[in-house]
Amino acid sequence: MSLKAFHLFFIATSVLLAVGLGIMTLQDFLERHAMAQLGWSLLSFVAALALILYATRILKKLKHVGFL
Amino acid sequence: MSADDHVGSGNAKHGFWRTYVFSTDHKTIGLQYGLTAMCFLLFGFGLMLLMRWQLAYPEEANPLLKNLFGENHPFMPGGVMMPDFYNQLGAMHGTIMVFLGIVPIAVGAFGNYVVPLQIGAPDMAFPKLNMASYWCYFVGGVIMLASFFVPGGAANSGWTSYAPLSVIATDGQTFWLIGMIALITSSLLGAVNFIVTIIQLRAEGMTFMRLPFFVWAQLVTAFLLLLAFPPLEAAGILQLMDRVAGTSFFLPSGLVISGQPLQVAGGGSALLWQHLFWFLAHPEVYVLILPALGIVAEIIANNTRRPLWGYRSMVYSTIFLGFMSFIVWAHHMFLTGMSTGISSFFQTTTMIISIPSVVILTALVISLWGGSIRFTAPMLYALAFLPMFAIGGLTGLPLGLSASDIALHDTYYVIGHFHYIVAPGTIFAVFAGIHYWFPKITGRKMNDTLAKLHFWPSLLFMNGIFMPMLVQGLAGVSRRLYDGGAAYAHAQDVLYLNKVMSHSAFGLGVVQVIFIINLVWSIKSGEKVSRNPWDATTLEWAAPSPPLPHGNFETLPVAYRGPTEYSVPGSSSDFTPQFQAEES
Amino acid sequence: MDIPYIVHARPDTGVNNGKLGVWLFLASEVMLFGALFSTYVFLRVGASDWHTWHSEAGLSIPIGTTNTIVLITSSITMVMAWASLMMKEFGKFRLYFGLTIALALVFMLFKAIEYNAKFSHGHFPGTNNFLAIYYVLTGLHALHILGGIIVNSYLIGPGAKLWRTNAAQFTCRIEAAGLYWHFVDLVWIFLFPTLYLL
C-alpha cells in the first residue's frame, strides 16, 4: 500500500473522528443546552467537510501515483 | 534492473572488524548467531546440571563446586545450593534456552545462513538491519548474564515471570525485563528481514510452491515472531512500569506481603500478565519447532532419495498452524479460574492445532516409506527427531484438555512434555542441521564415527532424563520443588527417578564433549568434499563451499523445478537439482 | 552482487523491499499498540471507579484537540513533501518536510506542557491505573514521535545528499518515512478519543 493509499485511509479515519466529535458535542448540546457545545459541534462538522474536500483535491493531484 | 538498483552490499574488501565482527554478510551473521547461541545453550545446560545435582542430592555439597563458592557465598555456600539460587537457575535456564539458545540458533543461525542460499539470493534484503538484529541479541544476552551479579541475583520468578511475584522480586527481574526488550527488538528486526528476503529476493523461477520446505517453515516462523513478540514487549514495558514507576498494572488491590500491606494504588490484574505473556509464548512454541521441522524435512528428502510426501499439504498445514497458534494461548491458563466457556473454546482450538502438526509429522514418516535410506550422520538425528517429537506432541494432548489438565498442571509431566519437543526434538534437529550444512560452510564433512559416538548416547541420555519426568508428573510431583519432592509423601515412590534423571543429565553433558571435539576438529581436518556432497537438489548446493562473501553464487541461479526432485523416473541420476536446466 | 528491488518494485509482488519492510514493521507496531489498548480495556472493565480516576486526572480536551489538529496537519505536509519530490521540486520538499518536523516539535511541546501540569498536581503513573495506562500509551506514542523527528531530521539534513546521486531511492525513503509517520498519527487518532473523551 503506497503512501497515497495510506494517506487517504488516514484522512478517512480523521473524518470519522471529526464526525464522532460533532455528534458527541451535539448530543451534549441537546441535553444541557450549552451554546459552546453547539459551536464545537459545528466546528467539528466543518472540519470533517474540509477534510473530505481536501481528500478529493489530493486524489486529483496524485492521479498518476498507484495505490500499491 | 536499472542502474539505481545497484546500491547493495558490494564486493569491496573490508578490514578485520567489518569482515568478522560488524559484518553485514548473512553468512557471517548466521555463524555469529550460531556460535553465540551454542555458548548460551551450553551455559543454560550448565545451570540445569547444577539444579539436577540439587534435585538428586538435596542440600548436599556439590563435590565439584565445593571450593569454587566460599562458605558465605549467597548462592551456594560451601557448594550447598540455597533455595533462592535454585529459583534463579530455574528462571534463567528457561529464559536462556528459549530466547538466547534455541530461537537464535534455529532462526538466527540456520535461517540467516541457509534461507538466502536456498532461495538463490545474494544476501538478506536488509544487511545492515541483519547486523543490528544480531547485536541487539548480543546486548540482550549480556544483560541477562549481568543480572547474576546484581544484589539478590538474577530473575527468580520463572521464565514466565508471573505477576505479582515478579513485580516484587529482586532487581534481577528489572534486568530480565530490559534484556527481554533487547531480545524482542532483535527478533522483530530479524523477522522483518526474513519475510522481505523470502518474498522479494527469490531467484528467477523460484515460485512459492518451489520453495524448499525449510524456507516455508522459516517464513511462517518469521510471521509468528513479528506478530507475537510485540504484545510481550508491551507486557514487559508494563511490568517495568510496575517495578520502576510504582504503577499497579499487575497488582490487585489489597495485596499483603510478609504481613505488610503493599503500598500501591492497586486495581490491576495478575491475569493480565498471563494473557499478554502467553499470547506471545504459545506462538513461541511453534517458533521453536517449525524451523526444526524444516531442517528435518530437508534432510529426510535428501537421505531417502525421494520427494517429500505431500509437500503441499505440509505447506498448507504450516500456514494453518501459524494462524491457529494465535488463538490457543489460554490453554496454559485453565486453572486460573477462567469460565468453562472460555476453557472449552481454547480446548477446542488446541485440539484443532494438533491436526496440522500431525499432518506434517505423518508426511515426514510416509516420506520414509519406499525410500532407499542413507543412514548418514544428519539422517540419524533427523530420524530420531520423528519419534521424539511424536512423544512430545502426544503427551501434550492430555494437557490441552481442561479436565485432565487439572491433575497434570504444574507437575513434572509438563516439563517432560515440552522438553521432549524442544530437547530431543528441536536440539536433535539442530544437530542434524549442523552436520548437514557443515560441508557448505567449511567445504569439509564432519567425522561420521564421532557423530555416531555422540548421537547414540545422546539419544539414550535424553530419554533417561525426560521419560522419568512423565512418570513423576503422573504421580503428582510438582515441577517447582527445591528438593525434588523429598519432603512430600506422595513423591516417595518415584523419588529414586531423580537420581536416574540427574545421572542421565551428567552423562549427556559428558557426551557433548564429543560433539564439540568433532565440530572444532572438522573445521581444519575434516574430509574435503565437493560443493554438493549429499547429492542434494536445493539451490544452496549450487554455491561454492563456503559460498562467496557478499553475493554467495558465481552467477545467480535459476530454479527450474520443485525442491525435492529425487529419483525422477527416466532421469540419469537419482537427483535432479533445482538449478539444473534440462535433463541432457 | 547487489541486492535487487531496493528502488523498483519486483514485478510479481508489486512492491520494493523497503515498502514491504516498513509495512511489516507497522504490522508489528499494530500488535504492540493493540496489546496496550487491550490492556486499557481489560483494566477499565475490571475497575470499580474508572470515571473518578478519569475526572481526577483532568485531561485537557483543548490541548488534546489542538495536538490532534497538529498531527493531522503534519500528515498532510508529509504527503505534500513526498508529492513535491515526485514533481522534482526539491525546494518545496524542504519546505513541507521541514514543516512536518516543526509540527512534530509543536506536538511534543504541548505534550510536555500537559505532562508538566500533571506532575505539578501530583498526578504520577503510580497514582491510579487510569493515569498509569495514560502515561504508558501517550509516553510510548511520544517516543515514536521522537523517533520520527530524529529520522526525519536525518533525511532533511545529511540524508538529503542522496537526492543528488539517486533521486528515486531518496523518494522511496521519504515514502517509507511517510508511512511510518502516518501510522504514528493514526495511533494518536485512536488514542485521543480513547483517553480524553471516553
Side-chain angles (χ1 to χ4, degrees), chain B residues 1-2 4-11 121-127 129 188-189 191-193 195-197 199-202 207 222-223 225-235 237-238 241-242 245-249 264-269 271-272 275-276 279 548 550-553 556, chain C residues 1-10 12-13 15-39 42-43 45-50 53 124-133 135-137 139-140 143 162 165-170 172:
Chain B
M1 240 190 295
S2 68
D4 48 16
D5 261 332
H6 291 275
V7 275
S9 43
N11 288 322
D123 202 321
M124 296 284 272
F126 308 114
L129 208 62
L188 287 178
L189 297 179
V192 169
N193 215 342
I195 299 173
V196 175
T197 305
I199 292 179
Q200 292 284 101
L201 300 193
R202 282 168 293 125
T207 59
F223 269 106
L225 285 173
L226 183 77
L227 300 177
F229 255 128
L232 185 68
E233 189 151 29
I237 293 168
L238 295 179
M241 288 289 283
D242 271 9
T247 58
S248 26
F249 288 111
V264 291
S269 163
L271 270 191
L272 176 61
H275 279 298
L276 290 172
F279 187 83
L548 305 174
H550 295 291
N552 294 337
F553 302 93
L556 279 184
Chain C
M1 239 177 278
D2 295 312
I3 294 157
Y5 310 121
I6 287 182
V7 174
H8 293 283
R10 183 182 162 112
D12 56 348
T13 61
V15 285
N16 61 38
N17 300 346
K19 201 189 275 183
L20 184 62
V22 168
W23 274 109
L24 289 168
F25 170 66
L26 293 184
S28 84
E29 293 277 273
V30 168
M31 295 303 286
L32 177 66
F33 280 101
L36 290 173
F37 274 104
S38 311
T39 302
F42 200 98
L43 290 175
V45 166
S48 51
D49 39 7
W50 191 265
W53 293 344
F124 294 104
T127 310
N128 62 46
N129 263 348
F130 171 74
L131 279 166
I133 193 76
Y135 276 112
V136 170
L137 273 170
L140 197 65
L143 278 180
L162 187 64
T165 52
N166 193 340
Q169 199 191 5
F170 186 68
C172 283

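Numbers restart at 1 for each chain; the letters A, B, ... are given by sequence-line order, proteins then strands.
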Would you compute the distance between atom CZ of C/Phe25 and atom CD1 of B/Ile195 and round it to the nearest 0.5 angstrom? 13.5 Å
Quick check for you: among B/Ile237, B/Ile199, B/Leu225, B/Leu271, which has the greatest number of heavy-atom pairs under 4.5 Å with chain C? B/Ile199
Between B/Met124, B/His275, B/Gln200, the one whose heavy-atom pairs under 4.5 Å with chain C are most numerous: B/Gln200
What is the distance from atom CG of C/Leu36 to atom CD of B/Glu233, rounded to the nearest 0.5 Å? 9.5 Å
Of all heavy-atom pairs linking B/Pro231 and C/Ala35, the shortest is CA-CB, 3.7 Å
Side-chain donor or acceptor of C/Asn17 paired with backbone N/O of B/Ala125 under 3.5 Å: no
Side-chain heavy atoms of C/Phe42 within contact of B/Ser269, under 4.5 Å: yes
Given heavy-atom pairs under 4.5 angstrom as the criterion, report whether the side chain, backbone, both or neither of B/Phe223 touches chain C. side chain
Sequence neighbours excluded, which residues qualify as side chain to side chain contact (heavy atoms under 4.5 Å, CB included) partners of B/Leu227? B/Phe326, C/Ala27, C/Met31
Given B/Met241 and C/Ile133, is the side-chain contact (heavy atoms from CB on, under 4.5 Å) satisfied, shown in steps? CA-CA 10 Å; B/Met241 288 289 283; C/Ile133 193 76; over 6 Å; no
Highest number of heavy-atom pairs under 4.5 Å with chain C: which of B/Leu188, B/Leu201, B/Leu276, B/Val264? B/Leu201
Structural part of B/Leu226 lying under 4.5 Å from a heavy atom of chain C: both
B/Leu238 portion near chain C, given a 4.5 angstrom heavy-atom threshold: side chain
Interface residue of largest heavy-atom contact number with chain B, from C/Asp49, C/Thr127, C/Val15, C/Asn128, under 4.5 Å: C/Val15
Show, in sequence, the C-alpha distance, side-chain angles and deciding distance for B/Phe249 and C/Val136, and conclude whether the side-chain contact (heavy atoms from CB on, under 4.5 Å) test is met. CA-CA 11 Å; B/Phe249 288 111; C/Val136 170; 3.7 Å; yes
Shorter than 4.5 Å, heavy atoms on both sides: which option in C/Asn129, C/Leu131, C/Val30 has the most such pairs with chain B? C/Asn129
So, taking the atom named CG in B/Leu272 and the one named CG in C/Leu43, what distance separates them when rounded to the nearest 0.5 Å? 5.5 Å
Drop me the distance from B/Thr247's OG1 to C/Tyr135's OH, to the nearest 0.5 angstrom. 12.5 Å
For chain C, find which of B/Ala228, B/Ala121, B/Ser248, B/Gly268 contributes the most heavy-atom pairs closer than 4.5 angstrom. B/Ser248
